[in-house]
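Quick caveat: nothing in here was measured; it's all calculated off a predicted structure. We count ligands from 1, going down the list as the structure has it; atoms in each ligand are counted the same way. Values below: every heavy atom of this structure, side chains too, minus hydrogens, waters and symmetry copies. For this chain, numbers begin at 1 and follow the sequence in order.
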Amino acid sequence: MSFTDELMLWSHQQRCEKAVEALGQNGFSAIYCNNSQEAHDYILRHGADAGSIGFGGSRTIVDLGVEPLLADQGKEILNHGTPGLEPAQKMEIMRRQLTCDLFLTSSNAVTLSGWLVNIDGNGNRVAALTFGPKKVIVVAGRNKLVDGDLTAAIHSVKNVAAPPNAKRLNCNTPCAKTGFCANCNSPDRICRIVHVMDRKPRVADLHVLIVNEDLGL
Ligand code: SF4
């Protein structure tokens, strides 16, 4: 690693640790991970006792590669993004995610003041993030950190995360064509629910891993 890369890594680490400290002050169980391998290992450790595991549709979680390992351990995998599912099957899986043992997701944005900010289309992801599963693990790469307020976080989600997600989902939205949010009114609009967690919900067992790597969208 070059000296420049070392300095950049150190700089990112400071931001990650600042977010972890703020998340902790807001009641979350917040953990700094040097890399995605540490996040991967954390999930496998904390998923050991889980019988059913829900997946919130996060590219970050997909890229960690934990799903096949958990499936091999005999866990019930509740992933509505599994290819070949009929709409009714997807709906049933999304409902069952709400009461699973462990729910895995990312957050569209994490502010350095320790807020989780998400924008959802159906609401299933933010519902499970908020209440229901016995345990929730949120994994956010350093690219999800926002040094700003709620307005900055929403702007970041709509202009950085949403366009490639809309493209990935083949949505007929302006952002999927241009890469920029047009605050559309499309039937395919994926931005329908703005969800802000400024403190950990009182009864939730919610862990947030901040990873010093770029992960997901
Ligand atoms: S509001 Fe519409 S254009 Fe803007 S990011 Fe969401 S889906 Fe894309």
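- Residue contact check: Asn183 has heavy atoms under 4.0 Å from atoms 1 (S), 4 (Fe) of ligand 1.
- Remark: Asp120 does not engage Arg192 in a salt bridge, criterion side-chain N to carboxylate O under 4.0 Å.
- Within a 6.0 Å radius of NE2 in His155, no more than 12 heavy atoms belonging to other residues, nucleotides or ligands are found.
- Here the closest non-hydrogen pair linking Val110 and Ala140 is CG2-CB, 3.8 Å.
- Of the candidates Ala161, Gly179, Ala162, it is Ala162 that places a heavy atom closest to atom 5 (S) of ligand 1.
- Ser186 places a side-chain N or O within donor-acceptor distance of the main-chain N or O of Asn172, the cut-off being under 3.5 Å.
- Here the side chains of Leu104 and Ser58 are not in contact, with every heavy-atom distance at 4.5 Å or above.
- Numbered from 1 in the order shown, with element, the atoms of ligand 1 that lie under 4.0 Å from a heavy atom of Lys158 read 5 (S).
- Within the coordination shell of atom 2 (Fe) of ligand 1, defined by N, O or S atoms under 2.8 Å, Cys184 is present.
- A 6.0 Å sphere centred on CG of Asn185 holds no more than 12 heavy atoms belonging to other residues, nucleotides or ligands.
- For Ala182, the closest heavy-atom approach to ligand 1 falls below 4.0 Å.
- Numbered from 1 in the order shown, with element, the atoms of ligand 1 that lie under 4.0 Å from a heavy atom of Ile190 read 7 (S).
- With ligand atoms numbered from 1 in the order given, ligand 1 contributes 3 (S), 5 (S), 7 (S), 8 (Fe) to contacts under 4.0 Å with heavy atoms of Cys175.
- Looking from atom 6 (Fe) of ligand 1 to the surrounding protein, the closest heavy atom is Cys191 SG, 2.4 Å.
- Near Cys181, with a cut-off below 4.0 Å to any heavy atom, the atoms of ligand 1 are 1 (S), 3 (S), 4 (Fe), 5 (S).
- Under a hydrophobic-cluster definition in which Ile, Leu, Val, Met, Phe, Trp and Tyr are linked whenever side-chain heavy atoms come within less than 4.5 Å, directly or via other members, Phe103 and Val138 are assigned to the same cluster.
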